[in-house]
Number of protein chains: 2
Amino acid sequence: MVQSIVSDSHERVLNAAERLFSERGYTAVKLRDIADALGIRQASLYHHAPGGKEQLFVDVTERSMERHRVGMEQAISQSRPDDLREQLRAAARWLLSQPPINLSRMNLSDMPAIAPSHAQRLKAAAARALLAPLEAIYQAAIDRGEIRSVYPHLMAGMFLSVIEGVQQGAPHAPVSKQEMADDVIDILLKGMYQR
Amino acid sequence: MVQSIVSDSHERVLNAAERLFSERGYTAVKLRDIADALGIRQASLYHHAPGGKEQLFVDVTERSMERHRVGMEQAISQSRPDDLREQLRAAARWLLSQPPINLSRMNLSDMPAIAPSHAQRLKAAAARALLAPLEAIYQAAIDRGEIRSVYPHLMAGMFLSVIEGVQQGAPHAPVSKQEMADDVIDILLKGMYQR
DNA sequence: GTCTATACGCTGATAGAC
DNA sequence: GTCTATCAGCGTATAGAC
């Protein structure tokens, strides 16, 4: 299969589309923008994405979520068990290596703009890929007494919000994203109060 | 001034526009949506907002940010000084009483879609209204030794992300938004670890 | 102050040459 | 696989009647 070296042209289209969609959202990205990023004409996109804009968005989002599901689960399973801090750091490292995800924008802006059945599928994929793995490690940490009792779902959403904030608020900071994420995880675990 | 009772028709337009823009963002909201929310025709909007869509967006966003600046400063100044927890709770109460704000979406999606000069003004207004007051109370808490040394700017962004997450992730929770916000503030201050 | 009608540009999409 | 040409529909905006 000479075709699937690393990034055949179909992959290049998906990658460009994913970066733009994940940064600006569905409605703000025009097919023209994606074509420009690839150095081709808007109409030429239809050779690689015959389904049109909405289908392209669904495809890249599902691909992204599946990659995140695997990435998150690997990051967590490769960390020491019974160490929430290390698990969260690994999850943060994974998330920061990827294009940013804004779940809030996805839910409020992107989903209403596509077919309800598509929206439902993407929401489910996001829950599986991002929320579920985090909820699981929080629940496990509660069960073994490492942390006090908190709502795992709330904590998972909080973690994702915060990492996303790090990812995009980073430019102004004097330190790297990963350092910021580590600091933030420390605060979530130990708090801000003086010891 | 019989005109300015509470909500003359100009205000009603701004309010409807603000709610929609703040939820879905600039590009996802069509003037038609705002008109529908008001029960009028799209063209009739131009009587109240002769400047068109972009100007309307700038107007409502500046109005919103100015209101937030006052609301945040009041919430904080009416709290006990030297008590970061109470100040954060008051700030959260204020934020949760308002239409949601997604700074990340504003920066990545909305701003690129409007004139650069407009974008610059709105970003500055958001920094003044939301980030600055929070940075100030964090810095003060550090100075008086209430909390350990953290980056106030990072903490301010983190707080806003988290409250916004509470605001929109609330439906699934068994408790009120304010309770969730209080829990989250407790975690930021005390951490998740068992005492 | 709201309406209908309409102009206009932009965007998504199709057809067919190369 | 990419192009040019073109279309249909949508969204913004304007004109003018009521």
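Being a predicted model, the structure only gives us computed values, none of them experimental.
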Near Gln120(A) CD, under 6.0 Å, is it more than 12 heavy atoms from other residues, nucleotides or ligands?
-> no
The nucleotide from dG12(C), dA5(D), dG1(D) with an atom nearest the side chain of Ala43(A) is dA5(D)
For the side chain of Leu31(B), starting at C-beta, report the closest nucleotide among dT12(D), dT2(D), dT4(C).
-> dT12(D)
Can you figure out which of dT14(C), dA13(D), dT2(C) approaches the side chain of Ser44(B) most closely?
-> dT2(C)
Verify the contact: side-chain N or O of His48(B) to OP1 or OP2 of dT2(C), cut-off strictly under 4.0 Å; return yes or no.
-> yes
Please report the closest heavy-atom contact between Leu20(B) and Val29(B), naming both atoms and the distance.
-> O-CG2, 3.4 Å
Could you give the CG-to-P distance, from Asp33(A) to dC10(C), as a whole number of Å?
-> 13 Å
Of dG11(D), dG1(D), dA13(D), the nucleotide closest to the side chain of Lys30(B) is dG11(D)
Within a reach of under 6.0 Å around CZ of Arg144(B), are more than 12 heavy atoms found that belong to other residues, nucleotides or ligands?
-> yes
Does a donor on one side chain and an acceptor on the other come within less than 3.5 Å for Tyr26(B) and Arg105(B)?
-> no
In whole angstrom, what separates His47(A)'s NE2 from dA15(C)'s P?
-> 16 Å
What is the distance, rounded to the nearest whole Å, between atom OH of Tyr46(B) and atom C1' of dG11(D)?
-> 9 Å
In whole angstroms, how far is the P atom of dG1(C) from the CD atom of Glu11(B)?
-> 13 Å
In whole angstroms, how far is the P atom of dT4(C) from the CG atom of Leu45(B)?
-> 14 Å
With respect to the side chain of Ile40(B), which nucleotide from dT2(C), dC3(D), dA13(D) is positioned closest?
-> dT2(C)
Quick note, Arg41(A) side chain, CB onward, closest among dG1(D), dG12(C), dT4(D) is dT4(D)
Presence of salt bridge, Arg67(A) and Glu18(A), under 4.0 angstrom | yes
Round to a whole Å and report the spacing from CZ of Arg24(A) to P of dT11(C).
-> 12 Å
To the nearest angstrom, the CZ-P distance between Arg32(B) and dT12(D) comes to 11 Å
For Asp36(B) and dC3(C), what is the distance between atoms CG and P respectively, to the nearest whole Å?
-> 11 Å
